[in-house]
Protein chains: 2
Amino acid sequence: MTAPRALRATKQRAAVSDLLDRLADFRSAQEIHEELRRQGEGIGLTTVYRTLQTLADGGEVDVLRSAGGEAVYRRCESSAHHHHVVCRRCGAAEEIDAPMVESWAQEVAEKHGFSEISHTVEIFGVCRACT
Amino acid sequence: MTAPRALRATKQRAAVSDLLDRLADFRSAQEIHEELRRQGEGIGLTTVYRTLQTLADGGEVDVLRSAGGEAVYRRCESSAHHHHVVCRRCGAAEEIDAPMVESWAQEVAEKHGFSEISHTVEIFGVCRACT
DNA sequence: TGCGCCCATGATAGTGGTTTTCATCTAGGG
DNA sequence: CCCTAGATGAAAACCACTATCATGGGCGCA
Ligand SMILES: [Mn+2]
Ligand SMILES: [Mn+2]
Ligand SMILES: [Zn+2]
Ligand SMILES: [Zn+2]
């Protein structure tokens, strides 16, 4: 029996979580940190990174690598497995569910003798607002 | 009229290219550099990075981001657009072609009003040899 | 074969995102 | 309140990768 692992309620964690609720786009840790400082929140960059990591580990936020290679985070509507169409300019995203692609990935991998299968499927483009 | 842009034949470039011909797996620039040094090749890490970049720009090698986020390179059989099933342990890869996924990505993005569409689709797992 | 131009090389330093360290702070159970 | 394990954050380390720039060496030409 593993103990419940408290995880304390701090104003820093609340600030990050609240901001994620307000944002619709994928944002980097540094952007989130800047935005919080702009709002007058006292929070360190380290804590932002740590909090996002924790939220990601708990499946509360989605993480993906932007085209530039940096990690960007977003609180999605769906808590189930899904993918995204992401704007390369502003980070705006649409959640997409594609059972057909899921089964395709699984089948292809098994056919080649692979196990412990996972996959990355992301579509990038420029959203209507950014055009 | 742009000049043909020579691109000189050096032993360093030959060494990288030859090694890529011999390798079946996706490898990082650092791994390729180490392997070349092990073989007694006199080559700098900078040159390995530059050469791989040049080969990638010319479409001669495929690049993708490993699970750890670093760029890994491989000379593929097919020169046409394709994706991979990659072993997370050893980098072994199978090339896969999935027209159905290509059109699906295009349609989904258009449906949401995105333009200048691109996508990343990679399947990771553990290959038979690594199990 | 010998110049000489100019691209190629590579040691070194720099960049930028992310993680580690560790002294200090604080949430929250008793 | 008190105490303490967990949380914070400034500073430094880390790490993959890129930029610099002095030196080296393809290769076109005589
Ligand atoms: Mn999926
Ligand atoms: Mn494709
Ligand atoms: Zn946009
Ligand atoms: Zn393997």
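All values below come from the heavy atoms of this structure, side chains included, with hydrogens, waters and symmetry mates left out. Lettering of chains follows the sequences in order, A, B, ..., and the numbering in each one begins at 1.
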Just verifying a value: how many Å separate B:H82 NE2 and B:E95 CD, rounded to the nearest 0.5 Å? 4.0 Å
Please list, in 5' to 3' order, the outermost nucleotides of DNA chain C lying under 4.0 Å from any heavy atom of chain A. C:dG17 to C:dG28
B:Q12 side chain reached by B:T51 side chain, heavy atoms, under 4.5 Å: no
Quick one: A:Q12 CD to D:dA7 C1', roughly how many Å, whole number? 8 Å
In the structure I gave you, are the side-chain heavy atoms of B:Y73 and B:V48 within less than 4.5 Å of one another anywhere? no
Return the value, rounded to whole Å, for the distance between atom CZ of A:R65 and atom P of D:dC17. 11 Å
For the side chain of A:T46 and the base of D:dA10, is some donor closer than 3.5 Å to an acceptor across the two? yes
Between D:dC15 atom P and B:E34 atom CD, what is the distance in whole Å? 13 Å
Remember a base hit wins even if backbone is also touched, and classify A:G68 as base, sugar-phosphate or nothing at under 4.0 Å, heavy atoms. nothing
Counting only side-chain nitrogens and oxygens, does B:Q30 get under 4.0 Å of the OP1 or OP2 atom of D:dA16? yes
Treating primed atoms plus P, OP1 and OP2 as sugar-phosphate and everything else as base, which nucleotides of nucleotides 24-30 of chain D get B, S or - for protein heavy atoms under 4.0 Å? -BBS---
Would you say a side-chain N or O of A:R13 is under 4.0 Å from OP1 or OP2 of D:dT8? yes
Under 3.5 Å, which donor-acceptor pairs link side chains of residues 20-28 of chain A to any protein atom two or more places apart or in another chain?
residue	atom	partner	partner atom	Å
A:D21	OD1	A:R75	NE	2.9
A:D21	OD1	A:R75	NH2	3.2
A:S28	OG	A:E31	N	3.1

Which whole-number value in Å describes the distance from A:E41 CD to D:dA7 C1'? 16 Å
If we count only N and O atoms by modelled type, under 3.5 Å, do the side chains of A:Q39 and A:E35 hold a donor and an acceptor together? yes
Under the salt bridge (charged side-chain N to carboxylate O under 4.0 Å, His left out) rule, what do B:R38 and B:E34 come out as? Steps first, then yes or no, please. CA-CA 6 Å; B:R38 196 173 301 129; B:E34 274 175 36; 3.7 Å; yes
Students often get this wrong, so: under 4.0 angstrom with heavy atoms, is B:L45 touching a base, only sugar-phosphate, or nothing? nothing
In whole angstroms, the gap separating C1' of D:dT18 from CZ of B:R50 amounts to 10 Å
Going by atom type alone, with no hydrogens or angles, which donor-acceptor pairs under 3.5 Å involve a side-chain atom of residues 117-131 of chain A and a protein atom two or more places apart or on another chain?
residue	atom	partner	partner atom	Å
A:S118	OG	B:R88	NH2	2.9
A:H119	NE2	A:H81	NE2	3.2
A:H119	NE2	A:H83	NE2	3.2
A:H119	NE2	A:E102	OE1	3.1
A:E122	OE1	A:H84	N	3.1
A:E122	OE1	A:H84	ND1	3.4
A:T131	OG1	A:C127	O	3.0

Pairing residues for A:E107 by the salt bridge (Lys or Arg N to Asp or Glu O under 4.0 Å) criterion, not counting sequence neighbours: none
I need the CD-C1' distance between B:Q53 and D:dC17, as an integer number of Å. 10 Å
Give the other cluster members for A:L45, using side-chain heavy-atom distances under 4.5 Å between Ile, Leu, Val, Met, Phe, Trp and Tyr residues; answer none if it is isolated. A:Y49
From CD of B:E31 across to P of D:dC17 the rounded distance in Å is 11 Å
